[in-house]
Amino acid sequence: GQSLEQPSEVTAVEGAIVQINCTYQTSGFYGLSWYQQHDGGAPTFLSYNALDGLEETGRFSSFLSRSDSYGYLLLQELQMKDSASYFCAVKWEGSQGNLIFGKGTKLSVKP
Amino acid sequence: ETGVTQTPRHLVMGMTNKKSLKCEQHLGHNAMYWYKQSAKKPLELMFVYSLEERVENNSVPSRFSPECPNSSHLFLHLHTLQPEDSALYLCASSPSFGTASNQPQHFGDGTRLSIL
């Protein structure tokens with residue numbers, strides 16, 4: 001089987017830095033993805049990590065440690081528009097390449 | 001614009017009705033997906049089509065019936081639904097299906113389904 005754990009809610013202020021963690025338990029892990037979903041909107045792809053280390057894309061970075069079965073999404077210089085739900089998702093050999101999603105972390109950015 | 005369009009955006013139906021959800025992708029992708037999103041639960045994969053062939057059926061009740069007439073269109077036919085089927089139904093597409101390193105999925109805005 002497989003499981004993903006991420007916090008249900010995170011609150012931060014504008015301009016701050018926030019880290020959303022994701023731990024997973026799967027066999028035959030392939031990679032970790034992050035998606036953003038605003039209320040009433042479509043999930044949108046943010047990043048994918050297959051190898052250990054940090055991937056940076058603008059204000060957002062994603063990190064993976066395969067040995068620790070752990071990753072995180074780092075959001076810098078938070079803006080009000082970053083208020084959304086963030087989902088981690090794993091690909092593993094048992095899923096035939098499909099994505100298995102976590103329950104999501106609702107991020108609220110305050111002024 | 002994600003390149004994936006779902007209609008209708010909202011649907012209210014009785015348990016005895018028959019309706020269909022439609023998804024169209026303009027990205028030239030070869031794989032399409034149906035997901036169910038309920039409050040406080042992870043996205044649940046329902047069906048996967050690759051090159052118009054169904055490759056995944058995650059023990060979905062038979063009251064949900066998918067159809068993929070071509071690589072750009074995907075339907076979800078609904079009949080005799082239950083109140084617990086009320087949820088957001090999301091369609092997604094990706095360049096291909098499988099374990100290739102990075103196959104980001106592009107989602108539509110979903111159909112909010114309410115069963116009376």
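The sequence lines fix the lettering, A, B, ..., with proteins before strands; numbering per chain opens at 1. Note that this is a predicted model, so its numbers are computed, not measured.
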Heavy-atom contacts under 4.5 Å, residues 4-12 of chain A to chain B: none
I'd like to know which of B:L90, B:L43, B:L88 tops the heavy-atom pair count under 4.5 Å against chain A. B:L43
Options B:Q37, B:K41, B:E44, B:R9, ranked by heavy-atom pairs under 4.5 Å with chain A, top entry: B:Q37
State the CG-CD1 distance between B:L45 and A:I100, to the nearest 0.5 angstrom. 7.0 Å
If you check every heavy atom in residues 32-46 of chain A against those of chain B, which residues fall under 4.5 Å? A:Y35, A:Q37, A:G40, A:G41, A:A42, A:P43, A:F45
Answer yes or no: are there more than 12 heavy-atom neighbours, outside A:E77 itself, under 6.0 Å from its atom CD? no
Filtered by a 4.5 Å non-hydrogen cutoff, the part of residues 101-111 of chain A contacting chain B is A:F101, A:G102, A:K103
Co-membership, hydrophobic cluster, residues B:M13 and B:V60, 4.5 Å side-chain: yes
Determine, using the 4.5 Å side-chain heavy-atom cutoff (strictly less than), whether B:L51 and B:Y49 are members of one ILVMFWY cluster. no
For chain A, which residues of residues 108-116 of chain B have at least one non-hydrogen atom nearer than 4.5 Å to it? B:G108, B:D109
Do the side chains of B:Y89 and B:F75 join up, straight or via other hydrophobic residues, at under 4.5 Å, putting them in one cluster? no
Side-chain heavy atoms under 4.5 angstrom apart, residues restricted to Ile, Leu, Val, Met, Phe, Trp, Tyr: same cluster for A:L78 and A:F60? yes
Give the cluster check for A:I17 versus A:L73: same hydrophobic cluster or not, with ILVMFWY residues linked at side-chain heavy-atom distances below 4.5 Å. no
Around atom CD of B:E53, are there more than 12 heavy atoms from other residues, nucleotides or ligands closer than 6.0 Å? no
